[in-house]
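Everything quoted here is computed from the prediction, not taken from an experiment.
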Amino acid sequence: MDSRSNPRSSRRGLLSTLGAVSAGLLAGCSSDSDAPSDSSGTDGGDGGTDGGDGGTDGGTGGADATWKPFEFARPVTYTYEVYSPDDGEGTLVWDVTDVTDAGATVSVRYDTTETQFETTVTGTKEDLQSQLIMTPAGPFVIATVFSPTMAQYEGRTLRVGNEWSYSSSDGSMRFEVTEQRSYAGVDCYVSVTEIDGNTVHEGCFSPELEMAPYTAYYDENGRRTYEMSLVSVEE
């Protein structure tokens with residue numbers, strides 16, 4: 001392992017990026033509502049009550065298309081171009097092997113301007129998360145692969161126009177599936193997260209993959225802070 005990262009600096013940047021997002025999620029738990037959609041249906045609180053037959057969204061599925069992260073069913077290798085404020089640009093390779101009912105073995109190689117790191121972990125989603133966040137790549141992994149915002153899309157119906165929101169005395173948080181894109185030949189649904197009207201997160205989710213093809217975070221000034229874009233997927 002070769003690491004030139006500054007863990008304290010990385011974690012400080014991570015907390016700055018995710019602080020508002022996490023606060024919004026926690027505050028929103030006390031009062032959630034499903035905002036009406038002018039497009040192909042409104043996603044209910046459990047992601048399973050949107051209307052329509054999915055005939056207008058094309059590409060990656062119909063009315064019941066959902067994203068199921070980390071439910072690996074076969075060996076697969078994901079390669080991403082990545083960016084973080086502390087580590088700069090680089091690549092992340094996520095190689096899944098030895099898939100069983102109990103979990104999988106994942107080899108992670110994180111190679112950026114400031115940090116070079118490689119490790120292999122085995123277990124369930126929770127095992128992978130708890131082990132990887134303690135590595136030099138931990139701040140980036142928390143902000144992208146295991147971020148609290150992305151968890152909001154797990155199990156939700158993916159269809160352009162679906163949206164849902166949370167509100168409380170502390171403010172509001174809104175999620176919307178806005179369009180379709182393709183990364184590395186994989187079609188996915190672009191979704192944005194807003195806190196009090198400001199975009200803080202953009203992701204793209206595909207029912208075909210167990211990891212998101214794209215995710216990015218933005219600070220209060222609209223500047224990109226973390227980004228992860230799929231460039232290759234091999235089975």
Side-chain angles (χ1 to χ4, degrees), residues 5-6 8-29 32-39 43 67 69 80-92 110 112-115 137-154 156 158-184 187-206 211-231:
S5 66
N6 183 331
R8 181 175 298 178
S9 175
S10 296
R11 282 168 174 76
R12 186 164 56 245
L14 172 65
L15 290 173
S16 176
T17 300
L18 295 184
V21 176
S22 299
L25 283 169
L26 292 173
C29 289
D32 67 21
S33 62
D34 297 309
S37 169
D38 294 328
S39 185
D43 193 2
W67 181 53
Y80 291 88
E81 290 181 347
V82 300
Y83 170 82
S84 76
D86 295 309
D87 290 344
E89 297 180 346
T91 59
L92 173 72
Y110 183 70
T112 68
T113 306
E114 296 295 326
T115 302
F140 182 84
V141 169
I142 296 172
T144 53
V145 180
F146 293 111
S147 77
T149 302
M150 290 172 65
Q152 281 286 314
Y153 295 95
E154 180 175 356
R156 291 277 183 176
L158 298 172
R159 182 184 303 164
V160 175
N162 277 5
E163 60 180 85
W164 60 100
S165 62
Y166 302 92
S167 61
S168 73
S169 58
D170 296 316
S172 64
M173 197 166 191
R174 176 177 172 273
F175 305 84
E176 182 181 4
V177 182
T178 60
E179 61 177 302
Q180 285 190 288
R181 291 183 193 161
S182 179
Y183 292 89
D187 291 335
C188 55
Y189 292 85
V190 176
S191 303
V192 296
T193 302
E194 298 177 351
I195 293 181
D196 295 334
N198 297 316
T199 299
V200 296
H201 172 262
E202 181 181 11
C204 206
F205 307 96
S206 171
M211 293 182 66
Y214 180 81
T215 188
Y217 276 92
Y218 303 90
D219 66 15
E220 62 274 13
N221 297 313
R223 293 182 301 233
R224 175 191 62 167
T225 53
Y226 290 84
E227 186 175 44
M228 181 173 174
S229 179
L230 185 69
V231 294

Revision key, fill the gap. side-chain hydrogen bond (donor to acceptor under 3.5 Å, both in side chains) filter on S191, not counting sequence neighbours, yields none
Check your understanding: Tell me, do F175 and T149 make a side-chain contact under 4.5 Å, heavy atoms counted?
Key -> yes
Practice item. For side chain to side chain contact (heavy atoms under 4.5 Å, CB included), just list the numbers for M173 and T193, CA-CA rounded to whole Å, side-chain angles, deciding distance to a tenth of an Å, and then say yes or no. Key: CA-CA 7 Å; M173 197 166 191; T193 302; 3.7 Å; yes
Revision key, fill the gap. Rounding to 0.5 Å, atoms OG1 (T215) and OH (Y217) come to a distance of 5.5 Å
Review point. Partners of E176 by side-chain hydrogen bond (donor to acceptor under 3.5 Å, both in side chains), sequence neighbours excluded?
Key: R174
**Study point:** Euclidean distance, M228 CE relative to S84 OG, rounded to 0.5 Å
**Key:** 12.0 Å
Check your understanding: Any side-chain heavy atom of V82 sitting closer than 4.5 Å to one from Y110?
Key -> yes
Exercise for review: Can you label the angle between the F140 ring and the Y226 ring as parallel, tilted or perpendicular, going by 30° and 60°?
Suggested key: tilted
Revision key, fill the gap. Exactly one candidate in M211, M150, R156 meets side-chain contact (heavy atoms from CB on, under 4.5 Å) with F205; the answer is M150
Review point. To the nearest 0.5 Å, how far apart are CD1 in I195 and CG in D170?
Key: 11.0 Å
Check your understanding: For D187, does its backbone N or O pair with a side-chain atom of S206 as donor and acceptor, under 3.5 Å?
Key -> yes
Point to revise | Residue list, side-chain hydrogen bond (donor to acceptor under 3.5 Å, both in side chains) with Y83, at least two apart or on another chain | key: none
Study note, to complete from the structure: Closest non-hydrogen atoms of V177 and Y189, given as atom of the first, atom of the second and distance, are CG1-CB, 3.8 Å
**Study point:** Rounded distance [0.5 Å steps], CG in L92 versus OG1 in T144
**Key:** 7.0 Å
Point to revise | For A216, all residues meeting side-chain contact (heavy atoms from CB on, under 4.5 Å), sequence neighbours excluded | key: Y214, Y218, E227
Practice item. List in chain and number order the residues that pass side-chain contact (heavy atoms from CB on, under 4.5 Å) with E179, two or more places apart in sequence or in another chain; answer none if no residue qualifies. Key: R181, V190
Check your understanding: Can you name the side-chain hydrogen bond (donor to acceptor under 3.5 Å, both in side chains) partners of Y80, sequence neighbours left out?
Key -> none
Review point. Just by modelled atom types, is the D87 backbone N or O under 3.5 Å from a matching donor or acceptor in the T115 side chain?
Key: no
Check your understanding: Is it true that a side-chain atom of D219 and a backbone atom of N221 form a donor plus acceptor pair closer than 3.5 Å?
Key -> yes
Practice item. May I ask you to check whether Y153 and W67 place their ring centres under 6.0 Å from each other? Key: no
Point to revise | Close side-chain approach of V160 to Q180, heavy-atom, < 4.5 Å | key: yes
**Study point:** Donor-acceptor under 3.5 Å (D196 side chain, S172 main chain)
**Key:** yes
